[in-house]
S.K.: 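Take this structure first; my questions come after.
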Amino acid sequence: MRMTIRVAVIGAAGRMGSEVCRAVEAAGDLELAGRYDVGDDLGDLAGAQVAVDFTVPDATLGNVLHAVERGVHAVVGTTGWSDERLAAVGDALGGSPATGVLIAPNFALGAVLTMKFAAEAARFYESAEVVELHHPDKVDAPSGTAVRTAQLMAEARRAAGLPEAPDATTSSLPGARGADVEGVPVHAVRLRGLVAHEEVLLGSVGETLTIRHDSFDRVSFMPGVLIGVRNVVGHPGLTVGLEHFLDL
Ligand SMILES: NC(=O)C1=CN([C@@H]2O[C@H](COP(=O)(O)OP(=O)(O)OC[C@H]3O[C@@H](n4cnc5c(N)ncnc54)[C@H](OP(=O)(O)O)[C@@H]3O)[C@@H](O)[C@H]2O)C=CC1
Ligand SMILES: O=C(O)C1=N[C@H](C(=O)O)C[C@H](O)C1
C-alpha cells in the first residue's frame, strides 16, 4: 500500500494553486498539509514532504530554495526559469542530495506530447513557427511552454544541419514577426475566453503540418501535477520537464 504524501501548495489562492488544492484533497493517497499565498511565512511548510509552487516568476526561485533547504521536495509549474535560476536550484540540491525538484513548463499531458511531437517533426521542415494563445490575465509572454517548444525545435534543426528558415521580410512593424527563440519565431495572443493553447506550424514546399494543443480548463493540468507529486519523492536532484516521469 502507498504511504500518504503530505503536500503544501504555494500560490494556493491563485488560478492554478486553488485547482491543485482541490486535486490534492480529492486524491486518496495525498493530504493537503498547508496552503500558502503572497505574504505568508512558509516556515516548515506544515511538515509537508512535497511543496507545489504555482506563483510568479519573481517568487518561485526563493520558494524552491526554501523548500530544498528543509529537505522538502518541490513540484514547480511557475514559468520564467533561466539557466542561472536552474543552476541556483542545482547548487542548493548539492547540499540536500536526497531532495527532488521537478520544474515543468506545462503539466497538461497533451502539451507535453506536443513538445515531443514538435521536436520530432522539426528536422523535416524548412519553416517552423510557434503560436501560443492564452487568457489575458497571464503576466508573461511568450509562455514558458512556447519557449521550451521552440528551443526543442531549434535544437533538432541544428542537429539536422538545417539552415535558417526562409523569410524575405526586410521591413516590419516591431513585433510583427514575433519573438526570436533560437531562430524559431514565437507569437503570443492574449484573448478573453481562452485558457492555454499552442500551435506548432511547420512547412515545406507544397505541405504544412500543424500540431495543436488546447487546455480548455485548468483541470487539464492536474493529472500531470499529481504524477509529479507522486514521482518527485523518488527522484532526487533536478528534473526539468514532466516527460522524464512519463517514459517519453
Ligand atoms: N506548468 C503548468 O502546467 C502551468 C503553469 N502555469 C504558470 O503558473 C504560474 C501561476 O499561474 P496562475 O495560477 O494562472 O497565476 P495566478 O496569478 O492566478 O496565481 C499566482 C498566485 O501566487 C500568489 N503569489 C504571488 N507571489 C507569491 C509569493 N511570493 N508567495 C506565495 N504566493 C505568491 C499570487 O498572489 P497575488 O495574486 O496576490 O499576487 C496568486 O495567488 C504562472 O507562472 C503560469 O505561467 C500556469 C498554468 C499551467
Ligand atoms: O499562465 C498560464 O495560464 C500558463 N502558463 C504556462 C506557460 O507559460 O507555459 C503553461 C500553460 O501554457 C498555462
Side-chain angles (χ1 to χ4, degrees), residues 8-23 34-43 45-46 48 51-67 72 74-82 85 101-115 118 130-152 179 181 186-200 212-229 232 239-246:
V9 178
I10 314 176
R15 287 177 288 268
M16 282 297 290
S18 54
E19 197 68 55
V20 174
C21 289
R22 278 191 285 280
R35 303 169 188 247
Y36 300 88
D37 210 80
V38 69
D40 292 340
D41 177 4
L42 299 180
L45 286 161
V52 178
D53 181 288
F54 281 95
T55 57
V56 290
D58 284 348
T60 186
L61 174 61
N63 295 337
V64 173
L65 296 181
H66 186 98
V72 177
V75 171
V76 182
T78 312
T79 45
W81 288 89
S82 60
R85 287 178 179 202
V101 173
L102 167 66
I103 299 174
N106 205 309
F107 284 96
L109 301 181
V112 179
L113 290 170
T114 296
M115 286 185 258
V130 177
V131 184
E132 56 94 329
L133 311 90
H134 281 81
H135 60 93
D137 303 314
K138 183 167 176 58
V139 295
D140 56 318
S143 72
T145 308
V147 171
R148 183 75 185 134
T149 306
Q151 287 171 337
L152 292 169
V181 179
V186 178
H187 311 268
V189 175
R190 295 292 173 265
L191 204 68
R192 186 66 73 201
L194 297 181
V195 177
H197 315 258
E198 181 177 65
E199 245 181 47
V200 175
R212 180 171 172 120
H213 175 257
D214 299 278
S215 274
F216 297 110
D217 190 305
R218 289 181 181 83
V219 82
S220 63
F221 302 108
M222 295 307 119
V225 171
L226 298 192
I227 288 170
V229 168
V232 75
T239 303
V240 179
L242 183 66
E243 61 274 19
H244 300 290
F245 290 177
L246 298 175

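Side chains included, hydrogens not; waters and symmetry mates left out as well; all remaining heavy atoms used. Just so you know, ligand 1 is whichever comes first in the structure, and atom 1 is the first atom listed for that ligand.
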S.K.: In ligand 2, which numbered atoms sit nearer than 4.0 Å to a non-hydrogen atom of Asn106?
M.R.: 10 (C), 11 (C), 12 (O)

S.K.: For Ala111, which part has a heavy atom under 4.0 Å from ligand 1: side chain, backbone, both, or neither?
M.R.: neither

S.K.: Show the atoms of ligand 2 that are less than 4.0 angstrom away from any heavy atom in Thr145.
M.R.: 7 (C), 9 (O), 10 (C), 12 (O)

S.K.: Within a distance under 4.0 Å of any heavy atom of Ala104, pick out the atoms of ligand 1 and give their elements.
M.R.: 1 (N)

S.K.: Would you mind checking which non-hydrogen protein atom is closest to atom 17 (O) of ligand 1, with the distance to 0.1 Å?
M.R.: Arg15 NH2, 3.6 Å

S.K.: Can you list the atoms of ligand 1 that are under 4.0 Å from a heavy atom of Lys138?
M.R.: 45 (O)

S.K.: Which heavy atom of the protein is the closest neighbour of atom 3 (O) of ligand 1, given with residue, atom name and distance?
M.R.: Phe107 N, 2.7 Å

S.K.: Of all the non-hydrogen atoms in the protein, which one sits nearest to atom 24 (N) of ligand 1, and at what distance?
M.R.: Val38 CB, 3.9 Å

S.K.: Under 4.0 Å from ligand 2, counting heavy atoms only, is it the side chain of Ser143, its backbone, both or neither?
M.R.: both

S.K.: Go through ligand 1 atom by atom and flag the ones less than 4.0 Å from a non-hydrogen atom of Val56.
M.R.: 25 (C), 26 (N)

S.K.: Minimum heavy-atom separation for Ala146 to Val186, with atom names?
M.R.: CB-CG1, 3.7 Å

S.K.: As a check for students: among His135, Arg15, Met16, Lys138, identify the option with a heavy atom nearest to atom 8 (O) of ligand 2.
M.R.: Lys138

S.K.: Do any non-hydrogen protein atoms sit less than 4.0 Å from atom 32 (N) of ligand 1?
M.R.: yes

S.K.: I'd like to check whether Phe221 has a polar contact with ligand 1, where a contact means an N/O of the residue lying under 3.5 Å from an N/O of the ligand.
M.R.: no

S.K.: So between Ala196, Pro105, Gly144, whose heavy atom ends up nearest atom 10 (C) of ligand 2?
M.R.: Pro105

S.K.: Among Ala108, Gly228, Gly77, which one has a heavy atom closest to atom 5 (C) of ligand 1?
M.R.: Gly77

S.K.: What part of Phe54, side chain, backbone, both or neither, has a heavy atom within less than 4.0 angstrom of ligand 1?
M.R.: both

S.K.: Which atoms of ligand 2 sit under 4.0 Å from any heavy atom of His134?
M.R.: 2 (C), 3 (O), 4 (C), 11 (C), 12 (O), 13 (C)

S.K.: In plain terms, say whether Arg212 and Glu199 are close enough for a salt bridge, that is, a side-chain N and a carboxylate O under 4.0 Å apart.
M.R.: yes

S.K.: Only heavy atoms of Met16, strictly under 4.0 Å: list the atoms of ligand 1 that pass.
M.R.: 13 (O), 46 (C), 47 (C), 48 (C)

S.K.: Would you mind running through ligand 1 and noting each atom that sits below 4.0 Å from a heavy atom of Ala59?
M.R.: 28 (C), 29 (N)

S.K.: Examine the proximity of ligand 1 to Ile10 and report which part, side chain or backbone, both or neither, has a heavy atom under 4.0 Å away.
M.R.: side chain

S.K.: Quick test of your reading of the model: are Lys138 and Asp140 salt-bridged, counting only N-O distances below 4.0 Å?
M.R.: yes

S.K.: Nearest protein heavy-atom contact for atom 10 (C) of ligand 1: which residue, which atom, what distance?
M.R.: Thr55 O, 3.2 Å

S.K.: Using modelled atom types only, decide if a donor and an acceptor are shared between the side chain of Thr239 and the backbone of Leu102 within a distance under 3.5 Å.
M.R.: no

S.K.: Answer yes or no: is there an ion pair linking Arg148 with Glu198, defined by an N-O contact shorter than 4.0 Å?
M.R.: no

S.K.: Can you list the atoms of ligand 1 that are under 4.0 Å from a heavy atom of Asn106?
M.R.: 1 (N), 2 (C), 3 (O)

S.K.: For ligand 1, indicate whether the residue Thr78 contacts it via side chain, backbone, both or neither (heavy-atom separation under 4.0 Å).
M.R.: both

